[in-house]
Amino acid sequence: MKFSVALCTYNGSRYLRSQLDSIASQSRLPDELVICDDASTDNTVEIITEFAQKVTFPVRLQANPNNLGSTANFEQAIRMCDGDVIVLSDQDDIWLPSKLSMLERSFEVSLSVGAVFSDAKLVDEDLKPWGYTMWEHVGFSRRSQEKMMHGEELNVLLKHVVVTGATLAFRSSFRDLLLPIPSNWIHDAWIALLISGCARLGVLEEPQILYRQHSQNQIGAKKFDLLTRIQEALDLNRSSYYGDEIARYFSAKERLSKFPEFISPKALRQFDCKLDHLRFRATLPDWRPLRLPFILLELLNFGYFQYSFGWQVAVKDLLIRSHSSLKIK
């Protein structure tokens, strides 16, 4: 089994050497490292060139003349990989030495495993622990982990995003299904969701990376207090928020529908249920007091718990601003 690492860089000189060294220190080395640099203006390319000259595995560098953005750049890197398994990598983390060997073991267990991901230790820019992991941060509970381990991956991911791209690896046989990645999706959420609709997801409970948090993180793992979340809900525009969510999941269902050899009718029905829940939320009354009985009914029917993040999303639906018009697909 050949492993390709797809690493995307952009002005990453501050932390890149440490990440590259951690890849070169794996107990199971990659069969190739594909790096797509997104028009960096610092010495990122020089660091990569220097690194490529001292390692035993091939390093292929694509230096973009123009900035593509993170998702498009990862799509390019994924296309360039020749391996049976593609392992995604950010430029500023640290891989623990067992990462690739643990991934390989998980893929060897069964051909039904289409992707594997792990937890991550959250650390600051100097690698000091934050005291909790990525799974704890995103609410990937023990119950949800057990559901994934028993074949309910799609149910979990239709509820909320729990897969971090920096911990994700997947079989390259799914590349035609995954690419191109729509502009309204982040690459890791898209990859994990689509593969969960047609294959098993392996779960590595032990963190396999140090996930570095700093001011230049594109997404990261910032915590928000209750008042911040309430203010965020009050500031949301219903038309754009609900419309964007419906469009995103509709595009995922449409892509899967084009690959009947992968997707099952049951999985498509699960997407329909997710879309029905989003359409329900989109058509709540404009006047907040009138929304309450509908929201309570959806809570009692467990829609908010199965397809959203529970009572917190229900509160958001109660607080979110009214909209003038919304087209529902």
Side-chain angles (χ1 to χ4, degrees), residues 3-12 14-26 28 30 33-38 44 48 69-78 81 83 85-104 106-107 115-127 129-130 132-140 157 160-171 178 181 185-193 195-196 201-223:
F3 272 64
S4 298
V5 175
L7 170 61
C8 288
T9 60
Y10 175 68
N11 288 345
R14 184 175 180 185
Y15 305 114
L16 181 58
R17 285 190 177 89
S18 296
Q19 172 65 318
L20 291 173
D21 287 343
S22 75
I23 293 173
S25 299
Q26 292 293 295
R28 190 270 193 228
L33 172 58
V34 174
I35 304 177
C36 289
D37 182 74
D38 210 14
T44 292
I48 296 167
S70 175
T71 296
N73 199 32
F74 264 109
E75 179 179 319
Q76 175 181 244
I78 290 167
C81 290
V85 172
I86 299 171
V87 186
L88 303 182
S89 174
D90 290 344
Q91 66 183 3
D92 44 13
D93 302 322
I94 301 290
W95 285 11
L96 300 183
S98 61
K99 176 179 169 72
L100 287 183
S101 62
M102 293 292 289
L103 288 172
E104 184 171 45
S106 296
F107 281 108
V116 180
F117 71 104
S118 76
D119 201 354
K121 294 181 180 180
L122 294 174
V123 298
D124 68 12
E125 58 187 12
D126 298 316
L127 303 181
W130 276 18
Y132 55 94
T133 71
M134 192 65 183
W135 286 3
E136 291 170 333
H137 170 72
V138 300
F140 188 34
L157 293 185
H160 65 132
V161 176
V162 299
V163 179
T164 303
T167 72
L168 178 63
F170 59 94
R171 294 189 191 273
L178 301 171
I181 302 171
W185 277 91
I186 302 296
H187 66 279
D188 49 6
W190 171 260
I191 291 169
L193 181 64
I195 292 180
S196 74
L201 261 59
V203 177
L204 296 178
E205 298 177 67
E206 278 295 313
Q208 295 299 317
I209 72 168
L210 305 182
Y211 192 47
R212 196 193 305 258
Q213 302 298 293
H214 53 85
S215 59
Q216 281 74 50
N217 281 116
Q218 183 189 14
I219 298 176
K222 298 179 178 65
K223 276 199 168 182

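As a basis for the values below, the full set of heavy atoms in this structure was taken, side chains included, without hydrogen atoms, waters or symmetry mates.
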| task | Run the numbers on Phe170 and Leu178 for side chain to side chain contact (heavy atoms under 4.5 Å, CB included), then give the verdict. | result | CA-CA 11 Å; Phe170 59 94; Leu178 301 171; 3.6 Å; yes
Once you round to the nearest 0.5 Å, how far does [atom1] of [X] lie from [atom2] of [Y]?
{"X": "Thr9", "Y": "Ile48", "atom1": "OG1", "atom2": "CD1", "result": "4.0 Å"}
{"X": "Gln76", "Y": "Ile181", "atom1": "CD", "atom2": "CD1", "result": "11.5 Å"}
{"X": "Asp93", "Y": "Lys99", "atom1": "CG", "atom2": "NZ", "result": "9.0 Å"}
{"X": "Ser4", "Y": "Ile78", "atom1": "OG", "atom2": "CD1", "result": "11.0 Å"}
{"X": "Leu168", "Y": "Ile195", "atom1": "CG", "atom2": "CD1", "result": "6.5 Å"}
{"X": "Thr44", "Y": "Asn11", "atom1": "OG1", "atom2": "CG", "result": "5.5 Å"}

Do you know the tightest heavy-atom contact between [X] and [Y]?
{"X": "Ala169", "Y": "Leu103", "value": "CB-CD1, 3.9 Å"}
{"X": "Thr167", "Y": "Ser118", "value": "OG1-O, 3.2 Å"}
{"X": "Val5", "Y": "Pro30", "value": "CG2-CB, 3.7 Å"}
{"X": "Ile94", "Y": "Leu127", "value": "CG1-CD2, 4.0 Å"}
{"X": "His137", "Y": "Tyr132", "value": "CB-CE1, 4.0 Å"}
{"X": "Met134", "Y": "Thr164", "value": "CG-OG1, 3.3 Å"}

| message | Is it the case that the ring center of Trp130 lies less than 6.0 angstrom away from the ring center of Tyr211? | response | no
Distance-only, no hydrogens or angles: does the [X] side chain make a donor-acceptor pair with backbone N or O of [Y] under 3.5 Å?
{"X": "Gln91", "Y": "Tyr15", "result": "no"}
{"X": "Asp92", "Y": "Arg212", "result": "no"}
{"X": "Glu206", "Y": "Leu204", "result": "no"}
{"X": "Ser89", "Y": "Leu7", "result": "no"}
{"X": "Arg28", "Y": "Leu100", "result": "no"}
{"X": "Ser106", "Y": "Met102", "result": "yes"}
{"X": "Ser196", "Y": "Leu193", "result": "yes"}
{"X": "Asp119", "Y": "Trp135", "result": "yes"}
{"X": "Gln213", "Y": "Leu122", "result": "no"}

| field | Sub-4.5 Å side-chain heavy-atom contact between Ile209 and Asp90 | value |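 No, every pair of side-chain atoms sits at 4.5 Å or beyond.
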| field | Heavy-atom side-chain proximity of Val116 to Val85 below 4.5 angstrom | value |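 Not touching, per the 4.5 Å side-chain cut-off.
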| side chain to side chain donor-acceptor pair (under 3.5 Å) between Gln26 and Ser101, worked out | CA-CA 8 Å; Gln26 292 293 295; Ser101 62; over 6 Å; no
| request: Before giving the answer on side chain to side chain contact (heavy atoms under 4.5 Å, CB included), spell out for Gln19 and Trp95 the whole-Å C-alpha distance, their side-chain angles and the decisive distance to 0.1 Å. | output: CA-CA 7 Å; Gln19 172 65 318; Trp95 285 11; 3.4 Å; yes
| CA sep, side-chain torsions, deciding dist, call: Ile186, Val161, side chain to side chain contact (heavy atoms under 4.5 Å, CB included) | CA-CA 11 Å; Ile186 302 296; Val161 176; over 6 Å; no
| request: For side chain to side chain contact (heavy atoms under 4.5 Å, CB included), just list the numbers for Val163 and Ile191, CA-CA rounded to whole Å, side-chain angles, deciding distance to a tenth of an Å, and then say yes or no. | output: CA-CA 9 Å; Val163 179; Ile191 291 169; over 6 Å; no
| query | Where does the angle between the aromatic ring planes of His187 and Phe74 fall among parallel (under 30°), tilted (30 to 60°) and perpendicular (over 60°)? | reply |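 Aromatic pair His187/Phe74 classed parallel.
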| task | Kindly assign one of parallel, tilted or perpendicular to the pair Phe107 and Phe3, based on the angle between their ring planes and the thresholds 30° and 60°. | result | perpendicular
